[in-house]
Amino acid sequence: MPSRASLASLRQLGEFGLIQRLTQRIGRAGPPVLLGIGDDAAVIRMGPGRLLLLSTDLLAEGIHFDLATATMEEVGYKAAVGNLSDIAAMGGEPQYMLVALAIPAWRTVADVDELYRGLLRACRRHGVHLVGGDTSASPRGLFICITVTGISKTRRALTRDGARVGDLIYVTGTLGDSHAGLKLLRARRKPVSRAPGEGQRRNVRFLVKRHLRPTARVPEGQWLASRRLATATIDLSDGLSGDLGHLCTRSRVGAEIETASLPLSPACRWYARLLHRDPADFALAGGEDYELLFTVSPDNRRRVDRLAQRRGFRFTRIGTIKSRKFGIQVRPPTGPPHAMIPRSYRHFQHLGPTAGPGEA
Ligand code: ADP
Ligand code: MG
């Protein structure tokens, strides 16, 4: 008879509860698997000074993308970047890609051509070769599953588990733009009811582009790995509030984020103000930034700042690693700090009220 626990619905267990359960069931692999489930990519030793990185992502229409607001080309491009970003977070060089598709029969050949135009464009940009995949009909909606491999020539890959109390927390680029861009796409790119001026149109274009054409921070990741400057790294796919939580859980630490330090683009600030929202909320809760979050020992702070500036990287210090007991807190510019609530997307728990056969 199935145990009580196994009768729980996935909605009750949640995405991360399910992954935890699978992790226990699968168990640890022996060498040469240096790292299995639990990070942005698996790490396998292929020989002296040569690590293979493996990552896969499944994107479902209606959950990860909406073909009413993005073209097939944009969906393809972004799907590839999401995967490349996981290799970037491990400090690796992406190499090969496999693409599996489940697609409704009524879709046209031109749809698939467009999708691959986006995928191949992202691959070319990063010197990645698309070497295979799989094709199936889908009874409903488009599904894209991408697997990417990378290599790391450093002794250790960048992982989520190396942050120590006192380390400084950094992020690349700016945060919240993608969330703002998504909101704009849902509002049909209309920020206000009256006709927007050129400045506003420029902001709209910037934010929408940040959502549809994110950047995988591959050079930044490789740079951090080769200089051994990061103690822990994760890419921000689900939103800072959720992904920082994953890094802290793996590193068994807490963190404090200063909202005044969050890097926000002028366009993101503008749009948040227009909606009477705090742009820091976009940065904390919004997903799909595909920036890197990494931690640095305080001894290396000056080196990181100096070398990053010389290299032209935009790195911003946003907080400090604290003890696990401290938890994860957000310190606003005024007023007391408060606990950071993970508000990122959770699969199975964002599907609305529809009950399945076993649910009340
Ligand atoms: P990311 O957001 O970086 O893609 P995920 O949150 O999807 O990471 O996954 C976290 C970890 O759990 C990864 O190491 C991933 O390989 C693993 N994982 C996720 N789903 C499964 C699954 N169905 N079976 C085995 N491992 C999984
Ligand atoms: Mg990731």
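Heavy atoms only: backbone and side chains are in, while hydrogens, waters and symmetry mates are out. Note that the structure is a prediction, hence the values are computed from the model and not measured.
Within 6.0 Å of the CZ atom in Arg227, the count of heavy atoms belonging to other residues, nucleotides or ligands exceeds 12. Shown here is Ile341, whose CD1 atom has no more than 12 heavy atoms of other residues, nucleotides or ligands within 6.0 Å. Within a 6.0 Å sphere centred on CZ of Arg201, other residues, nucleotides and ligands contribute more than 12 heavy atoms. The number of heavy atoms from other shown groups lying within 6.0 Å of CZ (Arg186) does not exceed 12. Dense packing is recorded around CZ of Arg107, with more than 12 heavy atoms of other residues, nucleotides or ligands lying under 6.0 Å away. A 6.0 Å sphere centred on CZ of Arg213 holds more than 12 heavy atoms belonging to other residues, nucleotides or ligands.
Within the 4.5 Å cutoff, no side-chain heavy atoms of Lys322 are placed close to those of Val253. At least one side-chain heavy atom of Ile257 sits under 4.5 Å from a side-chain heavy atom of Leu262. In this structure, the side chains of Asp113 and Arg117 stay at 4.5 Å or more apart for every pair of heavy atoms. In this structure the side chain of His129 never reaches within 4.5 angstrom of the side chain of Gln95, judged on heavy atoms. Within the 4.5 Å cutoff, the side chain of Leu229 has no heavy atoms near those of the Phe294 side chain.
At a threshold of 4.5 Å between side-chain heavy atoms, the hydrophobic network of Ile, Leu, Val, Met, Phe, Trp and Tyr places Val171 and Leu284 in one connected group. The hydrophobic cluster containing Leu67 also contains Val112, counting ILVMFWY residues as joined when their side-chain heavy atoms lie under 4.5 angstrom apart, directly or transitively. Side-chain heavy atoms closer than 4.5 Å link hydrophobic residues (I, L, V, M, F, W, Y) into clusters, and following such links, even through other members, never connects Val43 to Leu247. Linking ILVMFWY residues whenever their side-chain heavy atoms come closer than 4.5 Å, directly or via other members, leaves Leu54 and Leu51 in distinct clusters. Linking Ile, Leu, Val, Met, Phe, Trp and Tyr whenever their side-chain heavy atoms come within less than 4.5 Å puts Ile234 and Leu244 in one cluster.
In terms of modelled atom types and a separation under 3.5 Å, the side chain of Glu61 and the main chain of Leu142 share a donor-acceptor contact. The backbone N or O of Ala157 lies less than 3.5 Å from no partner atom in the side chain of Thr154, so there is not a single donor-acceptor pair. Under a 3.5 Å cut-off, the side chain of Asp243 and the backbone N or O of Leu240 do not form any donor-acceptor pair. Side-chain N or O atoms of Gln12 include one that pairs as donor or acceptor with a backbone N or O of Ser9 at under 3.5 Å. A donor-acceptor contact shorter than 3.5 Å is absent between the side chain of Ser261 and the backbone of Ile318. Checking side-chain atoms of Glu74 against main-chain N and O of Thr71 turns up a donor-acceptor pair under 3.5 Å.
For Glu258 and Arg317, the salt-bridge test passes: some basic side-chain N is under 4.0 Å from an acidic carboxylate O. Comment: Arg205 engages Glu198 in a salt bridge, judged by a side-chain N to carboxylate O separation of less than 4.0 angstrom.
Residue Ala216 comes nearest to His126 through the heavy atom pair O-CE1, 3.8 Å, listed as atom of the first residue, atom of the second, then distance. Gly91 approaches Ser152 most closely through the heavy-atom pair O-OG, 4.3 Å. Listed here is the closest heavy atom pair of Ala267 and Asn203: CB-OD1, 3.5 Å. Across all their heavy atoms, Ser138 and Ala102 have their closest contact at CB-C, 3.5 Å. The two residues Pro298 and Leu168 make their nearest non-hydrogen contact at CA-CD1, 4.1 Å. Nearest approach of Val81 to Ala122, heavy atoms of both residues: CG2-CB, 4.3 Å.
Partner Met97 forms a side-chain contact (heavy atoms from CB on, under 4.5 Å) with one of Ile146, Thr149, Leu120, Thr147 and no other, that one being Ile146.
Rounding to the nearest 0.5 Å places CG of Leu52 at 5.0 Å from CD1 of Ile44. For the atom pair CG of Leu212 and OG of Ser178, the computed distance is 8.0 Å after rounding to the nearest 0.5 Å. Note that the CG atom of Asp167 and the OG1 atom of Thr320 stand 9.5 Å from one another [nearest 0.5 Å]. Going from atom CE of Met90 over to atom OG of Ser85 covers 12.0 Å, rounded to the nearest 0.5 Å. Atom OG in Ser237 sits 6.0 Å away from atom CG in Asp86 (nearest 0.5 Å). Between the OG1 atom of Thr108 and the CG atom of Asp111 there is a distance of 3.5 Å, given to the nearest 0.5 Å.
Other members of the hydrophobic cluster containing Leu58, listed by chain and number, are Phe143; membership follows side-chain contacts under 4.5 Å among ILVMFWY residues, whether direct or relayed. Its side chain outside the 4.5 Å cluster rule for every partner, Val109 clusters with none of the Ile, Leu, Val, Met, Phe, Trp and Tyr residues. Taking Ile, Leu, Val, Met, Phe, Trp and Tyr as hydrophobic and joining them when side-chain heavy atoms fall under 4.5 Å apart, one finds Leu98 in a cluster with Tyr96, Val131.
Residue pairs meeting the ring-ring contact (aromatic ring centres under 6.0 Å, His included) criterion with at least one partner in residues 199-226, sequence neighbours excluded, are Trp223-Phe313, Trp223-Phe315. Identified under the side-chain hydrogen bond (donor to acceptor under 3.5 Å, both in side chains) test for residues 282-305, with sequence neighbours left out: Lys78-Glu288, Tyr170-Asp305, Thr172-Glu291, Arg210-Glu291, Arg217-Glu291, Thr231-Thr295. Within the structure, every pair that satisfies the side-chain hydrogen bond (donor to acceptor under 3.5 Å, both in side chains) test and touches residues 14-43, not counting sequence neighbours, is listed here: Asp40-Arg160. For the ring-ring contact (aromatic ring centres under 6.0 Å, His included) condition, the pairs that include at least one residue of residues 255-285, sequence neighbours left out, are His179-Phe282.
In this model, a donor atom of one side chain and an acceptor atom of the other lie less than 3.5 Å apart for Asp177 and Ser265.
By the ring-ring contact (aromatic ring centres under 6.0 Å, His included) test, Phe16 pairs with His246, sequence neighbours left out. In this structure, Tyr77 has no ring-ring contact (aromatic ring centres under 6.0 Å, His included) partners at least two apart in sequence or on a different chain. Taking the ring-ring contact (aromatic ring centres under 6.0 Å, His included) definition, one finds that His64 meets it with His347, sequence neighbours left out. The salt bridge (Lys or Arg N to Asp or Glu O under 4.0 Å) search around Arg121 returns Glu73, not counting sequence neighbours.
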Checklist entry - For Val128 and Leu84, what are the C-alpha separation, side-chain angles and deciding distance, and is it a side chain to side chain contact (heavy atoms under 4.5 Å, CB included)? => result CA-CA 9 Å; Val128 169; Leu84 298 172; 3.8 Å; yes

- Query: When you look at Arg343 and Asp281, which way does the salt bridge (Lys or Arg N to Asp or Glu O under 4.0 Å) test go after all the steps?
  - Reply: CA-CA 10 Å; Arg343 281 175 298 172; Asp281 273 355; 3.8 Å; yes

Please evaluate residues Leu101 and Ile144 with respect to the criterion side chain to side chain contact (heavy atoms under 4.5 Å, CB included), reporting the C-alpha separation (whole Å), side-chain torsions for both, the decisive distance (0.1 Å), and the verdict. CA-CA 5 Å; Leu101 290 183; Ile144 309 166; 4.0 Å; yes

Donor-acceptor pairs are to be reported for all side-chain atoms of residues 327-338 against protein atoms at under 3.5 Å, with residues two or more places apart or in another chain.
from	atom 1	to	atom 2	distance (Å)
Gln329	NE2	Phe326	O	3.2
Arg331	NE	Glu256	OE2	3.3

